[in-house]
Amino acid sequence: MPTYNDYGIVLTSYSFSEADKILNIYTRNNGLVRAIGKGIKKPTSRFGGKTGQLSCCYFHFAKGKNLDILSDCEQINAFPKLRGDLIRLTYGMLFVEIVSSFAYEMESESTHIYELLYSALDKLQITEIPDLFSIRFIMEFLSIHGFRPQLETCVSCSKNISYEGSRDYFPFSSILGGLLCNKCSHSIDHKKININVLQLLGINDELNNIHPIKQEDIRLALELVREHTDMRGKNKIKTFDLVFSL
Ligand SMILES: [Zn+2]
């Protein structure tokens with residue numbers, strides 16, 4: 001039976017039988033791997049304690065017919081400071097659910113995605129601003145997939161968007177996934193978003209320190225990325241409900 005090794009982060013796992021579990025793992029070189037952990041639920045399992053959600057390990061797999069088989073693993077990082085903090089843990093679960101929703105086997109950007117997720121979970125352990133940090137993570141993750149909301153040019157006609165002047169709001173098309181110029185906003189359904197929310201989403205770094213950050217704007221930015229990811233991923237991201245209840 002052919003074997004392979006790879007670094008990976010456990011996204012989710014679920015029971016398969018009395019003693020076995022299926023693990024969905026995002027790996028550095030192979031993208032999404034679904035593997036069966038035989039006997040993993042038994043107290044005597046040598047890797048049961050190392051393969052919880054969010055755990056990063058160096059995995060040894062055997063190629064199976066339908067599912068690969070987890071044959072061993074060495075834990076690299078359990079991100080302990082996430083597990084001891086409900087707020088950070090919730091954002092960590094949000095990250096892995098979003099990665100799951102866009103993950104495929106053998107995708108070409110797997111190394112980039114794995115490293116972004118690893119680094120984000122590691123930094124999430126110490127950041128004092130997990131909500132802002134999460135918006136940046138999601139925007140960077142969407143960029144890798146080519147799904148980042150388009151904020152620099154009109155998503156309909158490609159005209160440059162100007163952030164100058166004192167505009168109350170900017171028209172944003174959820175379906176097209178970006179800002180609209182004034183002309184296009186007359187004929188395309190849109191919602192209105194303010195400059196503070198655009199800054200939180202990462203436009204023009206020079207503007208970043210001009211406005212004080214309001215909790216209400218952070219919530220609006222998170223709601224916008226939620227709608228955006230829900231419309232483009234494989235599944236709706238349920239952990240946003242937990243994030244909004246924090
Ligand atoms: Zn336009």
Side-chain angles (χ1 to χ4, degrees), residues 31 91 94-104 107-113 115-117 119-120 129-241 243-244:
Y91 282 105
L94 177 69
F95 293 3
V96 295
E97 194 182 353
I98 290 174
V99 170
S100 260
S101 185
F102 288 84
Y104 289 93
E107 54 187 340
S108 58
E109 293 298 334
S110 65
T111 303
H112 200 164
I113 293 165
E115 282 172 2
L116 176 70
L117 178 60
S119 147
I129 44 169
D131 44 8
L132 294 180
F133 180 77
S134 300
I135 295 169
R136 290 300 166 94
F137 164 77
I138 298 167
M139 292 296 282
E140 209 175 327
F141 174 76
L142 291 171
S143 285
I144 298 174
H145 280 285
F147 287 129
R148 182 182 177 275
Q150 189 170 319
L151 305 175
E152 287 74 23
T153 54
C154 172
V155 72
S156 171
C157 74
S158 302
K159 185 177 174 226
N160 277 341
I161 302 284
S162 167
Y163 307 117
E164 305 297 324
S166 53
R167 296 174 63 176
D168 290 337
Y169 73 87
F170 293 78
F172 183 92
S173 162
S174 303
I175 291 178
L176 298 180
L179 291 177
L180 296 167
C181 69
N182 280 338
K183 193 175 165 206
C184 294
S185 72
H186 293 310
S187 53
I188 298 173
D189 275 351
H190 60 268
K191 59 170 72 181
K192 299 171 178 180
I193 62 174
N194 69 46
I195 187 75
N196 298 2
V197 171
L198 285 179
Q199 286 179 349
L200 293 172
L201 296 174
I203 59 148
N204 199 346
D205 278 344
E206 283 173 32
L207 293 170
N208 267 343
N209 298 321
I210 296 176
H211 298 278
I213 295 169
K214 288 192 221 153
Q215 208 54 43
E216 184 191 331
D217 290 327
I218 295 176
R219 168 87 185 219
L220 289 171
L222 280 168
E223 281 173 356
L224 189 140
V225 293
R226 176 186 200 163
E227 185 181 48
H228 192 82
T229 49
D230 280 355
M231 287 171 85
R232 287 159 182 86
K234 292 181 271 183
N235 308 103
K236 288 192 187 297
I237 311 295
K238 298 190 191 85
T239 313
F240 273 113
D241 289 335
V243 164
F244 291 141

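Below, all heavy atoms of this structure are taken into account, side chains as well, without hydrogens, waters or symmetry copies. Keep in mind the model is a prediction, meaning the values are calculated, not measured. Remember, it's 1-based here, ligands and their atoms both numbered in the order they're listed.
Listed for the E97 side chain is a donor-acceptor partner under 3.5 Å among the backbone atoms of T239. Listed for the H190 side chain is no donor-acceptor partner under 3.5 Å among the backbone atoms of C184.
The side-chain tip of R232 does not point at the ring of F102 from less than 6.0 angstrom away and within 45° of straight on.
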Acceptor/donor pairs from residues 155-162 side chains to any protein atom, 3.5 angstrom cut, sequence neighbours excluded:
from: S162; atom 1: OG; to: E164; atom 2: N; distance (Å): 3.3

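Protein N/O/S atoms found under 2.8 Å from the Zn ion (ligand 1): C154 SG, C157 SG, C181 SG, C184 SG.
Between L200 and I213 the shortest side-chain heavy-atom distance falls below 4.5 Å.
When all heavy atoms of L222 and Y91 are compared, the pair lying nearest together is CD1-OH, 4.4 Å.
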